[in-house]
Structures are given as structure tokens and as C-alpha cells.
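Letters A, B, ... are given to chains in the order of the sequence lines, protein chains preceding strands, and every chain is numbered from 1. Computed over heavy atoms, backbone and side chain alike; hydrogens, waters and symmetry mates excluded.
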Amino acid sequence: MTTLKSPIAFTANNLLDGEAVWLGSNGAWVKTFDAAKVFATQDERQVAVEAAERADAENLVVEPYEIEVSQDAGQVTPIKFRERIRAAGPTMRLDLGKQAELATQAAA
Amino acid sequence: MSTLFVNGAVTEDQWVSVDGEQPVPEGEDVIVSLAVFEEQPHALLTRNAGRLGAYLEADDQIDAIADHLELISLVALDFPSFADGRAFSKARLLRDRYGFADQIRATGDVRIDQISHMRRSGFDAFLVSHQPTIDSLTEIKDSGLDLFYQPAIEGAEARPALAGKSWARRAL
Amino acid sequence: MYRYDEFDREFVAARVAQFRDQVARRVSGELSEDNFKPLRLQNGVYLQLHAYMLRVAVPYGTLNSSQMRMLAHIARKYDRDYGHFTTRQNIQFNWPKLADIPDILEDLASVEMHAIQTSGNCIRNVTADHFAGASADEVADPRPYAEILRQWSTIHPEFLFLPRKFKIAVIGSSNDRAAMQFHDIGLEVRKNDVGELGLRVFVGGGLGRTPMIGKLIRDWLPEEDMLSYCEAILRVYNLYGRRDNKYKARIKILVHETGLDELKKDIEEEFERIKDGVLKLPDEDVEAITAYFAQPEFDDLPMRDESLEQAKLDNRSFARWIERNVSEHVKPGYGIVTVALKGTGEAPGDATSAQMDVLADLGERYSHDELRVSHEQNVILPHVKLGDLKAIYDALLVAEMASPNAGLITDIIACPGLDYCALATARSIPVAQELSQRFSDLDRQNDIGALKVKISGCINACGHHHVGHIGILGVDRRGEELYQVTLGGSGDEQAAVGEIIGRGFSADEISNAVETIVDTYLARRLSDDEIFLDAYRRLGPQPFKDALYPTKEAA
């Protein structure tokens with residue numbers, strides 16, 4: 001049970017609509033980062049790699065890859081700035097991207 | 001498993017590929033790699049029986065065989081990846097500059113979406129291992145277009161598609 | 001402008017059908033992503049950070065009102081209601097769905113537009129002077145040549161899998177407004193002593209990781225030999241360009257490593273072989289294409305329009321806009337309008353669908369139904385009567401496109417950067433926004449005068465920072481954005497690559513650094529008339545280094 005140097009998540013883009021997605025529970029791909037599953041051990045990572053490759057082969061997602069995340073008091077955040085932007089949306093257009101969808105959901 | 005298409009039809013390959021591991025078989029049609037050719041060019045060019053073909057990898061230039069094309073009956077040009085487009089120019093030069101009229105065969109990563117570009121560059125044979133491409137070619141389904149904005153292999157023979165656009169062509 | 005004939009219409013329709021089939025085969029899994037990717041790139045479809053991105057070709061930056069309206073329609077129907085005009089005179093949409101793209105392409109085809117070869121390792125959109133056909137300093141309109149090259153390069157079977165992308169620019173004046181010398185092939189239209197048209201040919205220019213100025217390979221190439229010569233260059237490049245390293249694969253590296261003389265031998269040899277063949281351009285064909293670009297029927301007007309002069313006196317903002325954003329037209333009584341897509345705090349080059357509709361209306365009504373996209377991310381109305389300028393200005397004001405800042409410090413060029421682009425290492429748009437806010441005071445901007453700021457979010461230099469008078473390159477240093485500054489670059493006929501000034505600046509520091517540079521210039525210039533670039537060329541980097549790195553911590 002090797003623990004990974006840094007916990008990770010998996011991300012990709014939907015084939016059909018191009019949206020950024022993350023691997024969630026039960027091999028499903030979710031549209032917001034807060035629902036992304038975090039993998040902490042080598043075994044868990046392997047399961048995730050297989051799920052990502054399957055989704056790629058089944059033409060659901062394109063170019064899956066893993067990203068490092070940090071876990072802080074239950075809050076999970078991508079480490080790379082690029083991935084934080086991807087999880088939120090363009091930094092100068094708060095009306096676009098995931099941040100806008102989350103805001104709409106919160107308001108509803 | 002590879003399938004050979006010559007002039008659009010599935011064809012049994014009569015040529016034996018020789019890459020240097022084995023001796024050149026007597027009396028057979030052989031395709032030799034550049035390395036094999038350069039070991040014994042005279043012997044290969046003056047064989048009594050069996051035709052000679054040359055196989056060029058992506059890094060090989062046709063200069064290496066240009067002087068001997070009269071005695072070469074086939075040139076195979078490799079695509080290590082479909083993204084490596086050098087062989088398009090080599091085929092074009094073989095046809096246009098050297099007047100090579102025999103088989104120019106595409107090998108390696110040959111995909112259906114590049115077939116019409118290969119044809120228009122001078123290829124007339126395709127050794128295909130990609131199954132969906134084999135299926136498409138067998139069905140004579142070619143996803144190429146019939147209209148062209150430049151004279152490629154059509155050259156001077158084809159009539160221009162439209163006045164005022166002398167570079168355009170329609171498929172023959 | 002060029003209008004499709006039956007051949008063109010059939011071609012584009014067939015191409016759309018082909019791509020629709022390719023998308024279907026991708027969705028069904030018959031095509032893997034590996035095999036689909038080059039096909040989608042050859043149709044301008046990228047995968048970016050948040051979504052797909054579709055880059056639509058605007059050939060040599062020229063379009064009419066129904067085309068602009070269609071771009072607005074696409075933004076509204078399929079995207080998020082805006083588009084981005086690029087440094088190669090194209091337009092990008094940032095949020096299309098792959099499943100919708102065949103329909104988008106079909107809509108585009110209905111107005112004679114496409115997205116063919118706006119990406120991929122092939123010949124890209126041929127760009128040209130955005131003042132073509134309107135400027136007083138033109139020898140000849142470069143666009144007929146650009147159109148002939150566009151056609152010849154479209155799905156050229158031999159050149160779809162080049163070592164890397166290939167960019168061609170054509171200019172028709174000795175004033176280079178298209179950064180021609182920074183293209184893989186740069187062409188300048190000229191006349192010889194007996195009035196015949198021909199081309200000066202440059203090869204091996206480029207920006208990116210290793211910026212290089214193009215080398216003059218032919219001082220004179222007869223017009224009829226244009227396609228043969230370009231085909232010879234492309235053939236030699238296709239055969240010998242490096243394929244081992246993506247960052248050393250452009251023709252500029254081949255020229256640099258082989259040497260121009262040796263490469264020229266190969267090119268000239270191939271050219272000699274083919275020049276009298278099928279690619280030789282018949283006069284009638286060049287004339288036929290040129291006829292599409294004939295100047296519209298202009299009215300004979302006096303040089304001065306009294307209503308305009310009065311309006312300038314009555315309205316200082318309008319006068320400012322005239323001064324900066326209206327350029328001299330070859331026909332007296334007319335002007336060339338630069339519509340700046342550079343509002344204070346806005347993303348450079350972005351336009352909403354509503355703004356695109358306004359531009360379309362203005363182009364149709366006031367500019368003989370013609371618009372241009374400049375590589376500096378503005379839109380041009382090329383043929384405007386002086387007497388119509390006030391009405392245009394008023395409409396632009398309402399649509400928030402009346403910034404009187406063409407060529408000034410807030411007329412910033414910026415790539416999409418890390419906010420959108422999968423290749424980026426830093427954000428560029430927020431830097432542009434902050435600078436445009438810092439320098440928003442128009443008196444100050446005009447006092448500073450002509451100053452081109454160009455910002456790239458990564459080493460690929462899509463923001464053309466190497467040719468900025470002030471260039472800014474955003475990199476990633478240990479997870480933090482860092483901005484390197486270059487000075488003294490220029491994309492005009494006195495081509496120059498900007499010089500790195502010293503260690504980079506953080507996102508918090510970069511605007512202050514630009515202010516310091518500007519203040520240094522203002523303090524040291526000989527007069528108000530000495531623009532920044534000239535002052536830099538006279539002074540060299542040292543005064544700027546001293547000001548930016550006062551404790552001599554310079555890199």
C-alpha cells in the first residue's frame with residue numbers, strides 16, 4: 001500500500017462537448033472539481049489509470065491525465081495554477097466556465 | 001497482417017522484402033533497403049532474373065537511388081508516422097523530376113484519410129496494416145475530395161477546372 | 001473582395017461533408033483521437049483548457065458585412081456570445097462543442113468562409129497588410145497574390161504534413177504593416193523599372209522560441225513565378241526540415257543551420273525545373289483575381305470635409321479619435337478607420353456578438369461593405385468618407401468601441417494566455433487589462449505617443465512580444481507567473497527582435513515596471529516628437545536597465 005508522494009486526481013475533456021471533467025466516484029466523470037475523487041495510494045492510482053484509459057477507449061473523454069492536488073482541512077485544491085484555472089474558468093471572465101455554473105447553482 | 005492495394009484493388013504481393021538479415025533470393029522480385037542496396041549495388045542492378053525494388057525510410061533521400069532508376073522497378077517509401085510527410089515530396093519528385101513510371105508504394109502508417117493525398121503525390125500502391133483503412137479501401141470508399149486547388153500529379157494532362165483559375169483541377 | 005465561384009462553393013461544401021463524416025467516425029470510435037487530431041487541426045479545431053476552440057479563417061483579414069454577421073450569429077448560437085480576433089487576422093471561438101462544429105462549418109460555408117488549415121503542420125492563413133487597397137503608400141494591392149496563394153495552398157496534398165506550421169505574409173508597400181519579415185515566407189509586391197509587377201521574397205522569418213528575421217532570397221521574382229517559387233521552397237522544406245525536435249522544426253531553423261546560400265541552391269534548382277510548367281501564372285488569371293479586388297467606385301470629394309472639421313472643434317473626444325484612429329486614404333475625401341477592440345479593462349481583440357453586428361452594419365453602410373481584421377487585433381473600416389466619420393464615431397461610442405488609442409500604449413496585443421490556452425505558462429489578458437487601466441488617461445497616452453506593447457503567455461509568442469516596442473513574455477517560475485520584458489522590437493520594415501532587459505517581474509510588479517520604462521523614456525526623449533522606439537534605438541538598453549534595476553541586481 002504505497003502512499004503517493006502527492007495525492008492526485010484525474011482530468012480530461014469530454015469528447016463531444018469539450019468540457020473539462022474529472023474522474024469521480026465509481027468511474028463516472030464529473031463536471032466540477034469539487035466532486036473529483038482523490039487518489040492517495042499506488043493501488044488507487046492504478047484503478048484510476050484504468051478507468052481513464054477505458055473512458056478514452058470508449059470515446060467518452062479525450063486526453064486524460066493526472067494532476068497533483070493538495071488536501072487541507074477537507075478542502076481539495078489542484079496544485080498547478082493551470083489546473084486551478086481549468087477548474088474555475090478564465091480569471092477575468094467570472095461569467096464563464098465552471099465558476100459561472102457553480103454560481104448559478106448556488107443562487108438557485 | 002498487411003494488405004497490399006495496387007491501383008485500388010487488393011493484390012497479392014509478389015515482392016520479397018530484404019533488409020539485410022537474409023541473403024537476396026535468386027530470381028525473385030525483391031525490395032531491398034538502402035543499406036542492402038549500398039552493399040552491392042552493381043550486383044543488384046545487373047541481376048539476370050527478378051525485378052529490383054528499393055525501400056526508403058523517412059530519413060533516406062531519393063538521391064541515393066536517383067542515378068539507377070532505370071533499373072529499379074519499384075520504390076517503397078515509408079511513413080513511420082502519418083505525420084511525417086517527407087514521402088509525399090519524394091513520390092512527387094520520383095514522378096515529376098525523374099519520370100519514374102513504375103510502382104511507388106506507401107508503407108508504414110498508411111491511413112485512409114491520407115490516401116487521396118498520397119495518390120495525388122504519385123503513389124499508386126499502399127501496403128496497409130491499419131484495419132479500418134483496409135476496410136475502407138476494400139469498399140472503395142475514399143474520403144478524398146474531387147476538386148483540387150493545385151495541379152499535383154494531374155499536372156499538365158488534366159484540363160484546368162475553370163478559366164481564370166488555371167491552377168485548379170477536377171478529379172480525372 | 002474575392003467572391004466564391006462554383007468551384008469554391010463545391011469545394012467548401014465537400015470539405016464540410018468530409019469533416020462531418022470524420023467527426024461521426026471519431027464519435028463512433030472508428031477513428032482514434034491520434035488519427036482524428038491532425039484532421040481536426042486541419043479544420044481549425046483545437047482542444048484548449050476549458051473546451052474546444054475553433055479558429056475560423058479570415059483570408060488576409062478581409063471580410064464583408066454578411067460574413068461579420070455570420071460570425072456574430074455563430075458566437076450567439078453556438079458559443080458564449082463573443083469571439084476573439086487574433087494576431088494572424090483570424091477569429092477564434094472558445095466554447096464550441098465538437099458535435100456542433102460541422103453545423104458551424106456549414107453556416108460559415110453559406111457565407112464563403114471556412115476553417116481549413118488554420119491549424120496543423122500545413123500552410124496557414126496567408127496574411128496581408130490590413131490597409132491593403134486603401135492606403136496611399138501602396139505599390140499594388142497585395143491581396144490578389146494572397147488569394148492565389150490561399151487557393152494553391154488549400155489541401156495541397158504534398159504539404160499537409162510538414163515538419164511544422166508554415167506562415168506566409170504579403171505586403172504591397174515598402175511600409176510593412178504585416179510584420180512580413182517575421183514569416184516563413186514573406187513577400188513584398190514591387191514594380192520594376194518598366195512598371196512590371198514582381199515580388200521580393202524573404203524566407204525563414206519567425207517568432208516563437210527562436211525569433212529570426214527573414215533572409216532575402218530573391219530581390220526580384222516575376223509575378224508569374226510566384227507559385228512555382230513557393231512550391232520549390234515548400235518542397236525543400238518538406239524534405240529537409242527537422243522532424244526530430246518540435247522546437248527546431250520551422251524553416252527558419254533550416255535556413256539558419258544549412259545557411260541561406262546552400263538552401264537557395266536547392267530551391268533555385270527545383271524552381272528552374274518547374275517554373276515553366278503548370279504553376280506558371282497566366283496573365284489572364286492574375287488579372288481575373290485582381291479584378292475581384294478592384295477599388296470600389298469612390299466619389300470625387302474635396303480633401304477637406306467642413307462638417308468633419310466643425311465636428312472636431314465641437315467635440316474634443318471625437319477630435320482625439322480622428323487624430324489616432326483615422327489614417328490617410330489614397331482617395332481624397334476618404335479615410336481608413338481603425339476600430340480599436342481595446343477598451344479600458346477589456347480583453348484585447350475580443351468582440352461581443354452585438355459589437356460584431358454593429359461592425360457589420362457600419363461596414364455595410366459606410367465602408368463599401370468591407371471590413372478588415374488587423375494582426376494587431378483591431379477591426380478596420382477601409383473606405384470611409386470623411387463626412388461619415390462622426391456618425392461612425394457616435395455608433396462606436398454606444399457600442400463601446402470608440403477608444404481613440406490606435407497605436408498608443410493601451411492598443412495592446414495579447415494572446416489568450418493561461419486563461420484559455422493549453423500551451424500557456426502564464427496569463428496575458430489580466431496584464432493587458434491592468435496596463436490599459438493604469439494608462440487610461442488619454443492626455444497621458446497621447447503625451448507618451450506611439451508605443452506598441454505586445455504580451456505573450458508563453459514562449460510560442462502568439463502575442464508577438466518579440467516585435468513589441470515593449471514586449472512582455474509570461475513564464476512559469478516555480479509555480480508563479482513571471483514576466484520577462486524585452487525592449488526595442490519592431491515588426492515594420494526596420495525589423496528588429498526585442499532585447500531582454502533583465503530579470504523578470506511578478507504579476508504584481510509588471511505594471512510598475514512598464515511605468516518605469518515609460519517614465520525613463522519621457523525623461524530622456526529629445527522632444528515630444530521622438531517616439532519610444534526611436535529613443536530606445538538612440539539610447540540603448542542601459543538607461544532602462546538602470547531605472548528598472550537600481551541596485552544593480554540586473555540579470
Peer 1: Can you confirm whether Glu12(B) is buried at CD, in the sense that more than 12 heavy atoms of other residues, nucleotides or ligands lie under 6.0 Å from that atom?
Peer 2: no
Peer 1: Under the 3.5 angstrom rule, does the side chain of Glu158(C) hit a backbone N or O of Ala152(B) as a donor-acceptor pair?
Peer 2: no
Peer 1: Distance check, rounded to the nearest 0.5 Å: Gln18(C) atom CD versus Ser116(B) atom OG?
Peer 2: 7.0 Å
Peer 1: Does any backbone or side-chain atom of Asp34(C) lie under 4.5 Å from a heavy atom of chain B? Answer side chain, backbone, both or neither.
Peer 2: backbone
Peer 1: Determine whether more than 12 heavy atoms belonging to other residues, nucleotides or ligands lie under 6.0 Å from atom CD of Gln131(B).
Peer 2: yes
Peer 1: When rounded to the nearest 0.5 angstrom, what is the spacing between OG in Ser89(B) and CD in Glu231(C)?
Peer 2: 8.5 Å
Peer 1: Decide yes or no on side chain to side chain contact (heavy atoms under 4.5 Å, CB included) for Trp152(C) and Tyr149(B), but give the supporting numbers first.
Peer 2: CA-CA 5 Å; Trp152(C) 158 81; Tyr149(B) 274 112; over 6 Å; no
Peer 1: Any side-chain heavy atom of Gln114(B) sitting closer than 4.5 Å to one from Leu160(C)?
Peer 2: no
Peer 1: Considering only heavy atoms, which portion of Arg235(C) lies under 4.5 Å from any heavy atom of chain B: side chain, backbone, both, or neither?
Peer 2: both
Peer 1: Can you tell me how far apart CD1 (Ile274(C)) and CZ (Arg97(B)) are? Round to the nearest 0.5 Å.
Peer 2: 10.0 Å
Peer 1: Could you list the residues that satisfy side chain to side chain donor-acceptor pair (under 3.5 Å) with Thr133(B), not counting sequence neighbours?
Peer 2: His130(B)
Peer 1: Please confirm whether Phe88(B) and Phe159(C) have ring centers closer than 6.0 angstrom.
Peer 2: no
Peer 1: With a 4.5 angstrom heavy-atom cut-off, could you sort out which part of Asp146(B) is near chain C: side chain, backbone, both or neither?
Peer 2: neither
Peer 1: With only heavy atoms counted, which part of Leu39(C) is less than 4.5 Å from chain B, the side chain, the backbone, both or neither?
Peer 2: side chain
Peer 1: With a 4.5 angstrom heavy-atom cut-off, is it the side chain or the backbone of Glu287(C) that approaches chain B, or both, or neither?
Peer 2: neither
Peer 1: Any idea which of Glu6(C), Arg15(C), Glu284(C), Arg150(C) has the most non-hydrogen atom pairs under 4.5 angstrom with chain B?
Peer 2: Arg15(C)
Peer 1: Taking the side chain as C-beta and beyond, is there a heavy-atom pair between Asn35(C) and Phe82(B) under 4.5 Å?
Peer 2: yes
Peer 1: In Å and rounded to the nearest 0.5 Å, what is the CD1 to CG distance from Ile155(C) to Leu147(B)?
Peer 2: 10.0 Å
Peer 1: Does any part of the side chain of Pro157(C), heavy atoms only, come nearer than 4.5 Å to the side chain of Gln150(B), both counted from C-beta?
Peer 2: yes
Peer 1: Passes side chain to side chain contact (heavy atoms under 4.5 Å, CB included), Arg243(C) versus Arg86(B)? Steps please.
Peer 2: CA-CA 10 Å; Arg243(C) 293 185 187 252; Arg86(B) 286 178 277 188; 3.3 Å; yes
Peer 1: Report, by ascending residue number, the residues of residues 48-77 of chain B in heavy-atom contact with chain C at a distance under 4.5 Å; give 'none' if the set is empty.
Peer 2: Gln61(B), Asp63(B)
Peer 1: Between Arg25(C) and Asp113(B), does at least one N-O distance fall below 4.0 Å, as a salt bridge requires?
Peer 2: yes
Peer 1: Select one option (side chain, backbone, both, neither) describing which atoms of Leu234(C) are under 4.5 Å from chain B's heavy atoms.
Peer 2: neither
Peer 1: Using atom types as modelled and distance alone, determine if a side-chain donor or acceptor of Asn121(C) lies under 3.5 Å from a backbone N or O of Ala83(B).
Peer 2: no
Peer 1: For Lys248(C), is the NZ atom crowded, meaning more than 12 foreign heavy atoms sit under 6.0 Å from it?
Peer 2: no
Peer 1: Quick check: do Lys90(B) and Asn238(C) have side-chain heavy atoms less than 4.5 Å from each other?
Peer 2: no
Peer 1: Might you work through the side chain to side chain contact (heavy atoms under 4.5 Å, CB included) test for Trp167(B) and Asp285(C), ending with a clear yes or no?
Peer 2: CA-CA 9 Å; Trp167(B) 46 85; Asp285(C) 286 0; 3.9 Å; yes
Peer 1: Roughly how far apart are Arg273(C) CZ and Leu93(B) CG, rounded to 0.5 Å?
Peer 2: 6.0 Å
Peer 1: Looking at Lys165(B) and Asp5(C), does any basic side-chain N land under 4.0 Å from a carboxylate oxygen?
Peer 2: yes
Peer 1: Does Lys167(C) have more than 12 heavy atoms from other residues, nucleotides or ligands lying within 6.0 Å of its NZ?
Peer 2: yes
